[in-house]
Colleague: 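For reference, the structure I am asking about is given below.
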Amino acid sequence: ETENLLVHSNGIAQWLRLALAEDPAEDGDGGGCGIAAGLDMSLPSRFLWQVYRAVLGRDAVPETSPFDKPLLVWRLMRLLPALMERPDYAPLRRFLATDADLRKRFQLAERLADLFDQYQVYRADWLAAWADGEDVLIRAGGERLALPDGQHWQAALWRALLADVAVAEGVDGCGALAGQGRAAVHEAFLRKVEAWPEEEPRPAGLPRRVMVFGISALPRQSLEVLAALARWTQVLMCVHNPCEHYWADIVADKDLLRATHSRQRRRAGQPADIPEESLHLHAHPLLAAWGKQGRDFIGLLDEHDSDAARADYLQHFLAIRQRIDLFASHGEACLLNQLQDDIRDLRPLAETRSRWPALQADDASIRFHVAHSPQREVEVLHDQLLAAFSADPSLRPRDVIVMVPDIDAYAPHIQAVFGLVDRGEHGVLVERGEPLDDRCAAHRHEPGLPLHCELPLDVPGLLPPLPGVYPGVA
């Protein structure tokens, strides 16, 4: 029977296959399974759409959503010229003023397709309001704010897309439900699951088990589908959590995310309510500064957890001598291990300073390199990787991960530096997948900020930046 796994990129899927195919360790602790076969690895969006089809029926939900990003690009390419004369589209009209080769229009269509794709997942309430003719932004607390004057084109464009898809329904055979957008399909799915009779058999086409592996964040919409799917399918989630204690209170906007139930318990001695001026006394500063995305995701997971449910499935883990929560110390050998352990145990800075010995002069586990340009950054990276491979013969390229905020900005520098390496030397694979924000576009911003469409190519003397793409602060 095929095992179904959800991963956030094709690169992770390949890495997981290779890790599972490794031979087991001789001491029985670690290693792989020796073989990786019968695995169906897919991205969450594709899998969840197939779940919609299985529950709602293949006639109600087409194989491909008409609002998928690749289809939206070409739909927008066709629609934009006819809309540009309307007053609301003045910001876009200025951008497309000189576009003889249609390159600007294509770039704009790509960026807008990505924008509306993210809105469907993270800002479905905005799209519903825009479809009803309300040009508003809805904040997390429910407050409705009028769109800024320069942003009314977004609501108007969404209504134009809905109208165009509605016209195409009779031609393309697109279901009326799918023609209302992904959010409408999602709401219909939840209603269908809730009304599903207990005596009815499970929907055909659903797997018996699905595993979510290594995805650092999922939107609420996806978690609601997985929670509903758990009625018929075993859902296993392998979730990264840097801290074994409850830590939602150590970052801003805790009032919005404070839950009546949380899976984790507070650290001993931590008060229930921490004033902002006292955060440094009860939290690790790096977790407070960089942990917002993980905190939001874990908060969403807590909404689908309960003590009763955990007690029920705990017995299955105990039967195979395994734990549900796999928190363990990374050791104390180097500065990196100490930092990881501080974050795991939620140690404040004062306790950290008193716990660990002075830093050793030869400790190179964490290093900072100051470079004057992206080109120099990649050159330093190249030299450091070669040094690491030479020092450790067991180190392989697939054991290395390089993280950058915008891979497209570094692509020419990577080609210039790593493209000079002979094939006989160590090579480093750079995966060109979805933009970094596609994993969690809504979490890049402070709460209340809408998602935005990244600027098209901004090369001096080539293309001017697109005005009015940022919807403004909600």
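Source: prediction; values computed, not measured.
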Colleague: Taking everything shown except Glu63 itself, do over 12 heavy atoms lie less than 6.0 Å from its CD?
Modeller: no
Colleague: Would Leu301 and Met237 count as a side chain to side chain contact (heavy atoms under 4.5 Å, CB included) here? Give the steps.
Modeller: CA-CA 10 Å; Leu301 290 175; Met237 299 191 67; 4.0 Å; yes
Colleague: Would Leu190 and His186 count as a side chain to side chain contact (heavy atoms under 4.5 Å, CB included) here? Give the steps.
Modeller: CA-CA 6 Å; Leu190 294 181; His186 178 72; 3.5 Å; yes
Colleague: Would you give the length of the straight line joining atom CD1 of Ile215 to atom CG of Leu6, rounded to the nearest 0.5 angstrom?
Modeller: 5.5 Å
Colleague: Ignoring hydrogens and geometry, is there a side-chain-to-backbone donor-acceptor pair from Arg209 to Gln234 under 3.5 Å?
Modeller: no
Colleague: So, for Ala109 and Val73, which heavy atoms are closest and what is the spacing to 0.1 Å?
Modeller: CB-O, 3.5 Å
Colleague: Measure the spacing between CD of Gln14 and CD1 of Ile12 and express it to the nearest 0.5 Å.
Modeller: 11.0 Å
Colleague: When you measure from the side chain of Arg159 to the backbone of Trp130, do you find a donor-acceptor pair of N or O atoms at a distance under 3.5 Å?
Modeller: yes
Colleague: Would you mind reporting whether Gln50 and Phe47 have side-chain heavy atoms less than 4.5 Å apart?
Modeller: no
Colleague: So Thr64 and Trp49, do their side chains get closer than 4.5 Å, heavy atoms only?
Modeller: no
Colleague: Any side-chain heavy atom of Pro44 within less than 4.5 Å of one from Leu218?
Modeller: yes
Colleague: Side chains of Leu108 and Asp99: closer than 4.5 Å at any heavy-atom pair?
Modeller: no
Colleague: Are Trp15 and Val7 side-chain neighbours, meaning at least one heavy-atom pair lies under 4.5 Å?
Modeller: no
Colleague: Tell me every residue that passes salt bridge (Lys or Arg N to Asp or Glu O under 4.0 Å) with Arg208, counting only those two or more places apart in sequence or in another chain.
Modeller: Glu1
Colleague: Under 4.0 Å between a Lys/Arg side-chain N and an Asp/Glu carboxylate O for Arg144 and Asp125?
Modeller: no
Colleague: Any pair with a residue in residues 6-15 that passes salt bridge (charged side-chain N to carboxylate O under 4.0 Å, His left out), sequence neighbours left out, goes on the list, sorted by first then second residue, please.
Modeller: none
Colleague: Please find the pair of heavy atoms, one from Leu71 and one from Ser65, that lie closest to each other, and give the distance.
Modeller: CD1-O, 3.3 Å
Colleague: Measure the shortest side-chain to side-chain distance between Leu137 and Arg123 over non-hydrogen atoms and say whether it is less than 4.5 angstrom.
Modeller: no
Colleague: For residues Leu381 and Phe418, determine if any side-chain heavy atom of one lies less than 4.5 Å from a side-chain heavy atom of the other.
Modeller: yes
Colleague: Rounded to the nearest 0.5 Å, what separates atom CZ in Arg46 from atom CG in Leu48?
Modeller: 11.5 Å
Colleague: How many angstroms lie between CG in Leu236 and CG in Asn4, if you round to the nearest 0.5 Å?
Modeller: 11.5 Å
Colleague: To the nearest 0.5 Å, tell me how far Leu39 CG sits from Arg17 CZ.
Modeller: 6.5 Å
Colleague: Give, for atom CG of Asp68 and atom CZ of Arg75, the distance between the pair rounded to the nearest 0.5 Å.
Modeller: 11.0 Å
Colleague: Measuring only between side-chain heavy atoms, which start at C-beta, is Thr98 closer than 4.5 Å to Lys104?
Modeller: yes
Colleague: Which is it for Glu224 and Val193 under the side chain to side chain contact (heavy atoms under 4.5 Å, CB included) test, yes or no, and what are the steps along the way?
Modeller: CA-CA 11 Å; Glu224 288 175 346; Val193 172; over 6 Å; no
Colleague: Can a side-chain donor-acceptor contact be found between Asp135 and His152 if the only test is distance below 3.5 angstrom?
Modeller: yes
Colleague: Check ring pair (Phe, Tyr, Trp, His ring centres under 6.0 Å) between Tyr89 and all other residues, then give those that pass, not counting sequence neighbours.
Modeller: none
Colleague: Answer yes or no: does atom CG of Asp149 have more than 12 heavy-atom neighbours from other residues, nucleotides or ligands under 6.0 Å?
Modeller: no
Colleague: What are the two closest heavy atoms between Ala124 and Ala183, and how far apart are they?
Modeller: CB-CB, 3.5 Å
Colleague: Please step through side chain to side chain contact (heavy atoms under 4.5 Å, CB included) for the pair Ile407 and Ile414, ending with a clear verdict.
Modeller: CA-CA 9 Å; Ile407 189 64; Ile414 294 172; 3.8 Å; yes
Colleague: Classify the ring geometry between Trp196 and Trp232 as parallel (under 30°), tilted (30 to 60°) or perpendicular (over 60°).
Modeller: perpendicular
Colleague: Going by the rule ring pair (Phe, Tyr, Trp, His ring centres under 6.0 Å), which residues pair with Trp158 if we only count those two or more places apart in sequence or in a different chain?
Modeller: Phe67, Phe116
Colleague: Only pairs at least two apart or in different chains count here, so list each salt bridge (charged side-chain N to carboxylate O under 4.0 Å, His left out) that has a residue in residues 367-377.
Modeller: Arg376-Glu379
Colleague: Taking all non-hydrogen atoms of both residues, which atom of Ala160 and which atom of Leu79 are closest, and how far apart?
Modeller: O-CD1, 4.3 Å
Colleague: Salt bridge (Lys or Arg N to Asp or Glu O under 4.0 Å) with Arg398: which residues, sequence neighbours excluded?
Modeller: Glu22
Colleague: Please give me the minimum heavy-atom distance between Gln120 and Gln221, naming the atom from each residue.
Modeller: O-NE2, 3.3 Å
Colleague: Might you point out which heavy atoms bring Val51 and Phe189 nearest each other, and give the distance in Å?
Modeller: CG1-CE1, 3.7 Å
Colleague: What I want to find out is whether Arg231 reaches Glu194 closely enough, with some N-O distance under 4.0 Å, to be called a salt bridge.
Modeller: no
